[in-house]
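Starting from 1, each residue takes its place in the sequence as its number.
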Amino acid sequence: MHPHTIVAGYLLALSHVVSAVSSRSNYDDLPSSAPPLTIKPVSELVITNKVIAPDGFARSASLAGGIFPGPLIKAQKNDKFSINVVNNLYDEDMPLLTSIHWHGIQQKKSNWADGASFITQCPIPQNRSFLHEFSAPNQTGTFWYHSHFSTQYCDGLRGPLVIYDPEDPHQDLYDVDDENTIITLSDWYHDPTPKLNKIFGPITSNSTLINGLGRYQGGPKSPLSVINVEQGKRYRFRIIGLSCDPSYNFSIDGHTMMIIEADGIETVPETVDSLPLLAGQRYSVVVHANQPVDNYWIRVPFNLPNQTFVGGLNSAVLRYSGAPDEDPMSTPGPYIFPFDEGKLASLLNIPVPGFPEIGKADVHINLLASTVNGVFKVNNVSYHNPPTPVLLQMLSGARHPSDLMPSGSVYELPPNKVIEITLPNTGLAFGGPHPIHLHGHTFAVVRTSGTNMTNFVNPIWRDTVSMGSTGDNVTLRFVTDNSGPWFIHCHIDFHLNHGFAVVMAEAREQLADFSASIPASWASLCSPIQPSSQARLDSLDAITSRPGSFNGSVNATTLT
């Protein structure tokens, strides 16, 4: 179907009032605890506000399903997803709009369901819902979901998503892999993020939460998460970096870990005894419960000096069956198998596209990040939300890349070409290490942080990578085989909020491949419910002022 035809269908949809959804969360009475509540890939996900105290300090939060972390979305390979996101937010001290991004899901031919506000959709208004329907063909592994509106996920709107593979090539390496072996790492703030967003500089979390529980300096002896194991069994721990700012270094006293997955990609097994996780990253590790029956500290310090575990800070407990219900007496280490991202390799030996030399791809893009007075810029441009989602602009017939907003932040990519992105770390962007996440793709990391060496033979593929430290020049490769606009941004949410992002407008000529499947409800998100038919007609007149296409004139005042 031609894009203009589907746009005409949207205009018809805009003349209908969307029914308000008034049901409250079904999970309001559940405590914040591990293991998480589990829901299926065909479900309703209610977004609501609730006062919780995961570290002993009570505050109002924005939550999926009324719990933190949100419910585990548990799927099987090749399941179809149909998740109705219902906006029941009401706390006016935090954002009342929302959107949900399915982090790591590539959204092949379903760019409209990616959930990135102002890139692929308008945010969901209060008392409205939006049905995300998508597939994840050939994708298995560990993912997550979170709000992609403002810094809302820092207020709690984040949760795990796992696609299990009944034919997992690593299944002989472990005995247990279920909701009890998912470990989420997150930062927690006692102030709501609209207050934190006014800070143009470092922001320090009050506590580290492991599976939604933790303690803060000077606070009460709040419960810590306990991961239960049986001696002799091997466990696949799926560790998810739900952080919105800090990076963590995960370890278990007295135990090594064997990495078998990074960001949904099976890896050649690699043994480590500590594991860095930046915001948005995920790993599966196999841990053999081969130590004496006892309690062992799980330690998760973050990237600030003088980290402490005193009083259970930054900690959880690995408890063997038969061990007493008490805090561990274990000591850190030993640390003899350091993590090196450059050693990670894809199990299936995924080939790197293009000629095996830096600079020899079809398209090379250099993204230089900097900070000026607390505002981030990429190639001297600070990202700002456009008044109309980029996908809507592309469907509306914007004729030239310079027509796409936000001006200077959109990079046009031709179809079926090898793209190389370099991320030079010149030290001009404060607050690293910066985790860089690309929507819509995994990419080959042909040059990791910490080295000048390249790897075109069998590098790690992933969707979120560290920019490293000053002097690094991390380099990525992927192919433009997934039409639509895709965000690439720092996953420190406060940095994104202050401009650290660009948009890759990919293969617009192929938008017709999925435009016919975009539901009319998608466009209706961009049109506020009007009090009268005349008002709706006025709105339609504004949208249709350029014959045959949208002109980007939606009521942006309702979106800010």
Side-chain angles (χ1 to χ4, degrees), residues 1-10 13 41-42 73 75-85 99-122 130-141 143 145 148 161 163 165 263-265 350 353 363 389-398 404 410-419 437-443 461 463 478-488 503-526 549-550:
M1 184 179 294
H2 194 278
H4 289 169
T5 305
I6 192 67
V7 165
Y10 293 158
V42 178
I73 301 174
Q76 298 293 320
K77 185 178 181 179
N78 294 324
D79 274 353
K80 294 187 181 299
F81 290 78
S82 181
I83 303 175
N84 191 40
V85 177
S99 74
I100 300 297
H101 169 56
W102 320 97
H103 184 117
I105 304 300
Q106 294 175 14
Q107 302 291 352
K108 293 279 188 178
K109 297 187 178 180
S110 54
N111 174 271
W112 62 270
D114 189 52
S117 290
F118 307 104
I119 306 300
T120 62
Q121 71 171 77
C122 288
F130 182 60
L131 181 64
H132 292 258
E133 293 185 295
F134 56 90
S135 299
N138 302 315
Q139 283 197 270
T140 58
F143 307 93
Y145 61 91
H148 223 301
L161 187 161
I163 304 176
D165 184 356
D263 294 359
I265 301 296
I350 306 171
V363 178
V390 179
L391 176 57
L392 186 52
Q393 296 176 52
M394 292 173 71
L395 287 169
S396 301
L404 294 173
V410 182
Y411 293 73
E412 186 94 354
L413 300 183
N416 304 312
K417 298 295 183 181
V418 176
I419 309 300
H437 173 50
L438 173 63
H439 293 218
H441 292 274
T442 56
F443 44 74
W461 285 70
D463 58 58
F478 65 97
V479 174
T480 48
D481 57 2
N482 196 8
S483 178
W486 302 109
F487 229 175
I488 180 169
V503 182
M504 299 293 162
E506 179 176 337
R508 75 159 78 196
E509 299 89 344
Q510 297 175 358
L511 285 176
D513 290 350
F514 70 81
S515 62
S517 65
I518 302 177
S521 58
W522 174 82
S524 74
L525 291 174
C526 296
S549 67
F550 283 114

I need the minimum non-hydrogen distance between [X] and [Y], along with the two atoms involved.
X: Trp112; Y: Leu131; value: CZ3-O, 3.8 Å
X: Leu404; Y: Ala505; value: CD1-CB, 4.0 Å
X: Ile350; Y: Ile265; value: CD1-CG2, 4.2 Å
X: Gly104; Y: Gln139; value: O-NE2, 2.9 Å
X: Thr120; Y: Leu391; value: O-CD2, 3.9 Å
X: Ala113; Y: Glu133; value: CB-O, 4.1 Å

Point-to-point distance, once rounded to the nearest 0.5 Å, from [atom1] of [X] to [atom2] of [Y]:
X: Tyr145; Y: Ile73; atom1: OH; atom2: CD1; value: 5.0 Å
X: Gln76; Y: Thr140; atom1: CD; atom2: OG1; value: 10.5 Å
X: Glu506; Y: Glu412; atom1: CD; atom2: CD; value: 10.0 Å
X: Asp114; Y: Ile119; atom1: CG; atom2: CD1; value: 9.5 Å
X: Phe514; Y: Leu395; atom1: CZ; atom2: CG; value: 6.5 Å
X: Thr480; Y: Lys417; atom1: OG1; atom2: NZ; value: 8.0 Å

(request) Anything under 30° is parallel, anything over 60° is perpendicular, the rest tilted; go ahead and classify Trp486 against His441. (result) perpendicular
(request) Take the angle between the ring planes of Trp102 and His132 and call it parallel below 30°, perpendicular above 60°, tilted in between. (result) perpendicular
Quick check: do [X] and [Y] have side-chain heavy atoms less than 4.5 Å from each other?
X: Leu161; Y: Phe81; answer: yes
X: Leu511; Y: Asn111; answer: no
X: Tyr411; Y: Met504; answer: yes
X: Ser517; Y: Lys109; answer: no

(request) Any chance you could lay out the side-chain contact (heavy atoms from CB on, under 4.5 Å) test for Ile163 and Asp79, step after step, and finish with the verdict? (result) CA-CA 8 Å; Ile163 304 176; Asp79 274 353; over 6 Å; no
(request) Give a yes or no on whether the ring-centroid distance for Phe487 and His148 is below 6.0 angstrom. (result) yes
(request) Go through the steps to decide whether Ile488 and Phe443 satisfy the test side-chain contact (heavy atoms from CB on, under 4.5 Å), and finish with yes or no. (result) CA-CA 12 Å; Ile488 180 169; Phe443 44 74; over 6 Å; no
(request) Using atom types as modelled and distance alone, determine if a side-chain donor or acceptor of Asn482 lies under 3.5 Å from a backbone N or O of Gln106. (result) yes
(message) Could you go through Ser483 and Asp513, starting from their C-alpha distance and side-chain angles, then the distance that decides it, and tell me whether this counts as side-chain contact (heavy atoms from CB on, under 4.5 Å)?
(response) CA-CA 8 Å; Ser483 178; Asp513 290 350; 6.0 Å; no
(request) Would you tell me whether Gln107 and Ser110 have side-chain atoms, one donor and one acceptor, within less than 3.5 Å of each other? (result)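 Their side chains do contain a donor-acceptor pair, which is all the 3.5 Å distance test asks for.
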